[in-house]
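Okay, structure first, notes after.
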Amino acid sequence: MQRYGFMFLVLMLAACGGSPQAAPTAQPTLTLVPSSTPPGVETTYSDRIPTGTSEEGYPVLGIADAPVQVREFGSYDSPASGAAHTDIFTELLPRIEAGEMAYTYIPLSGTGSIPNGSGAARAALCAGEQGAFWPYHEQLFILQQGTGDVFSGSALIDIVDELGLDRDAWNSCVLGDGVNDVLRRASEEALELESYTGTPTILVNGNYVLNDVISLNTIADQIIERVESGEPIAQLPENAEPQPEEEATEEIRLFSTTQQDVGVPVNIALPEGWGLSLSDTLLLSDIDAVRTVPFTLWKGPVEGGVGSIVVLWGFPNITTGNPFEAQAGVATPTPNLRVDGLRLLRLAVVEQGCNVGTDLEREYTIGEISGVGTEWSAVDCPELPDTRGWFVGTQQFNLNYVFYVYVEPIDPAGVTDSERVAREQIQAILDTVTFLPPDEMPTPVPLVTETP
């Protein structure tokens, strides 16, 4: 059975990402093409594309049940968000208009260098209460390209007047609590987002993607192809390119291994019946680059089933913490191994297409070392039975490690007494782990396949 897989991240998509609900009110016809509009930037799309509001209060462009759901965490005070608006959003407008894609804008502030980004976000959301979020949104990004106090109060009011909105109603909204709730919810969601690294952060069907239009169009093409063929969106192709044949070893099937035994960088005491099942190097398309990540797998009997311990190491930290925590006065953690563990869980450990659930951050131990991680589960997988366990990450001798632990089979209804005993048995094995210093680490050697 498959417990590890290789695929490009731009194709690792969930079934859905919380479809937005269309607003019940009709949207007015709004046409605004000021002389300051940059060439090629089209501002009248909301005349012909459905608009609405998500359950959280975020503005949505496109039909609510579009198969491709794009969510952008953006900020008007962030020049990078402005660049993404021009280079990505405007390029996706034809797909939004065609009904293939819905675009949700989640407004944040304080992530860039332009003053009064919060005021700009409030102003745009309040324009949205009169059906004019997207024209106002466009004007803010046009203003962003200017100099000086581009989001001054008078500049924000000028847009209201140019759009012909009810200024009194807009003022009441700006001063009210409703918009505060939306902005607070957006900040909280960014804090909870595993893959958030600043604005813009873009998700497609609930999964992080690189900030470039090629990646987004590649994803959209794959989803649309599956929709047109009648296949479930959850079962996306693993890669646009042909994949090598699977390497079968016991109950594990690996994709794109380098066939190089890197050895085990730790000492571990295994009880009777346990043994080293596999040690190799995975070729993974991470969120920033294609890289190799070595791993080792141990398996053995536990109460009521089979236990597994997988350790991945030598990977970089993609993020060292959430910028919103720094704004709140919390020291940025270095490194954030829980985030790295969550990333690699989906990339390398569970079968693609599983419904993966995770818990809040917790502290665990590996030998005499403390580390951070969380509980996780993988259910409703295309081929595999349900499983659950935990992972813990730590950094030793300037090398990152994440240990994944799981038990099979499990009772879908919850953790049983038998599984609790199995977890204690596995933790007793983890308690024996010691980390090897660099001068004692084994030298990688090619795997030799014996032929009969």
Side-chain angles (χ1 to χ4, degrees), residues 34 36-41 43 58-59 70-91 103-128 133-160 162 174 179-180 182-193 195-203 208-213 216 287-288 317-334 336 339:
S36 59
T37 302
V41 177
T43 64
Y58 309 141
V70 182
R71 288 162 62 87
E72 177 190 346
F73 289 79
S75 172
Y76 298 114
D77 53 43
S78 166
S81 290
H85 179 76
T86 301
D87 298 337
I88 298 176
F89 173 78
T90 56
E91 294 295 322
Y103 205 99
T104 302
Y105 188 80
I106 304 174
L108 304 175
S109 62
T111 67
S113 57
I114 302 173
N116 200 27
S118 176
R122 296 171 64 85
L125 290 173
C126 288
F133 171 83
W134 295 100
Y136 202 105
H137 176 78
E138 290 294 333
Q139 294 306 300
L140 289 175
F141 281 121
I142 292 171
L143 286 179
Q144 191 194 74
Q145 300 174 38
T147 58
D149 191 7
V150 295
F151 294 147
S152 66
S154 60
L156 299 178
I157 292 174
D158 285 345
I159 301 176
V160 172
E162 288 183 54
V174 169
V179 68
N180 289 336
V182 176
L183 294 175
R184 181 170 56 251
R185 191 175 300 119
S187 295
E188 291 173 350
E189 188 170 344
L191 273 172
E192 296 171 355
L193 193 65
S195 54
Y196 179 81
T197 56
T199 53
T201 290
I202 299 177
L203 308 180
Y208 174 86
V209 297
L210 300 179
N211 291 340
D212 69 85
V213 73
L216 281 161
I287 65 175
D288 63 335
N317 303 113
I318 298 302
T319 177
T320 57
N322 194 313
F324 274 87
E325 294 179 348
Q327 291 180 18
V330 179
T332 303
T334 312
N336 192 330
V339 172

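Here the structure is a predicted model, which is why all the values come from computation and not from measurement.
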Item checked: From CA spacing to verdict: side chain to side chain contact (heavy atoms under 4.5 Å, CB included), Leu203, Val70 -> CA-CA 6 Å; Leu203 308 180; Val70 182; over 6 Å; no
Next item on the list: Starting from the C-alpha separation in whole Å, work towards a yes-or-no answer on side chain to side chain contact (heavy atoms under 4.5 Å, CB included) for Asp87 and Val213.
Entry: CA-CA 7 Å; Asp87 298 337; Val213 73; over 6 Å; no
Notebook entry, point to check: After noting the C-alpha distance and the side-chain angles of Asn116 and Leu156, does the key distance pass the side chain to side chain contact (heavy atoms under 4.5 Å, CB included) rule?
Noted result: CA-CA 10 Å; Asn116 200 27; Leu156 299 178; 4.0 Å; yes
Notebook entry, point to check: So Val339 and Asn317, side chain to side chain contact (heavy atoms under 4.5 Å, CB included) or not? Walk me through it.
Noted result: CA-CA 9 Å; Val339 172; Asn317 303 113; over 6 Å; no
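Here the straight-line distance linking atom CG of Leu108 with atom CD of Glu72 works out to 9.5 Å at 0.5 Å rounding. Distance check, rounded to the nearest 0.5 Å: CZ of Phe141 to OG1 of Thr90 gives 11.0 Å. Glu162 CD to Ile157 CD1: the interatomic distance, rounded to the nearest 0.5 Å, is 12.5 Å. Taking CD1 of Ile142 as the reference point, atom CD1 of Ile159 lies at 8.5 Å (rounded to 0.5 Å).
Shown here are the salt bridge (charged side-chain N to carboxylate O under 4.0 Å, His left out) partners of Arg184, two or more places apart in sequence or in another chain: Asp181. Taking Glu189 as the reference, Tyr58, Arg71, Phe73, Ile106 meet the side chain to side chain contact (heavy atoms under 4.5 Å, CB included) condition, with sequence neighbours excluded. With sequence neighbours excluded, no residue satisfies side chain to side chain contact (heavy atoms under 4.5 Å, CB included) with Pro115. With sequence neighbours excluded, no residue forms a side chain to side chain donor-acceptor pair (under 3.5 Å) with Tyr105. Partners of Glu188 under the salt bridge (charged side-chain N to carboxylate O under 4.0 Å, His left out) rule, at least two apart in sequence or in another chain, do not exist in this structure. Every side chain to side chain contact (heavy atoms under 4.5 Å, CB included) that Val174 has, sequence neighbours left out, goes to Arg122, Cys126, Trp170. Residues satisfying the side chain to side chain contact (heavy atoms under 4.5 Å, CB included) test with Ala124, not counting sequence neighbours, are Tyr76, Phe133, Tyr136, Leu140. Residues passing the side chain to side chain donor-acceptor pair (under 3.5 Å) test with Ser154, sequence neighbours excluded: Ser152.
Taking the six-membered ring where the residue is Trp, His85 and Phe89 present parallel rings, their angle staying beneath 30° rather than reaching 60°.
A donor atom on one side chain and an acceptor atom on the other are found under 3.5 Å apart for Thr111 and Thr199.
Using a distance-only test at 3.5 Å, with no hydrogens or angles considered, no donor-acceptor pair links the side chain of Thr86 to the main chain of Ala83. Formation of a donor-acceptor pair under 3.5 Å by the Ser81 side chain with backbone atoms of Asp77 is not found in this model.
The two atoms that bring Thr147 and Val150 nearest to each other are O-CG1, 3.5 Å, heavy atoms only.
Between Pro107 and Ser75 the shortest side-chain heavy-atom distance does not fall below 4.5 Å.
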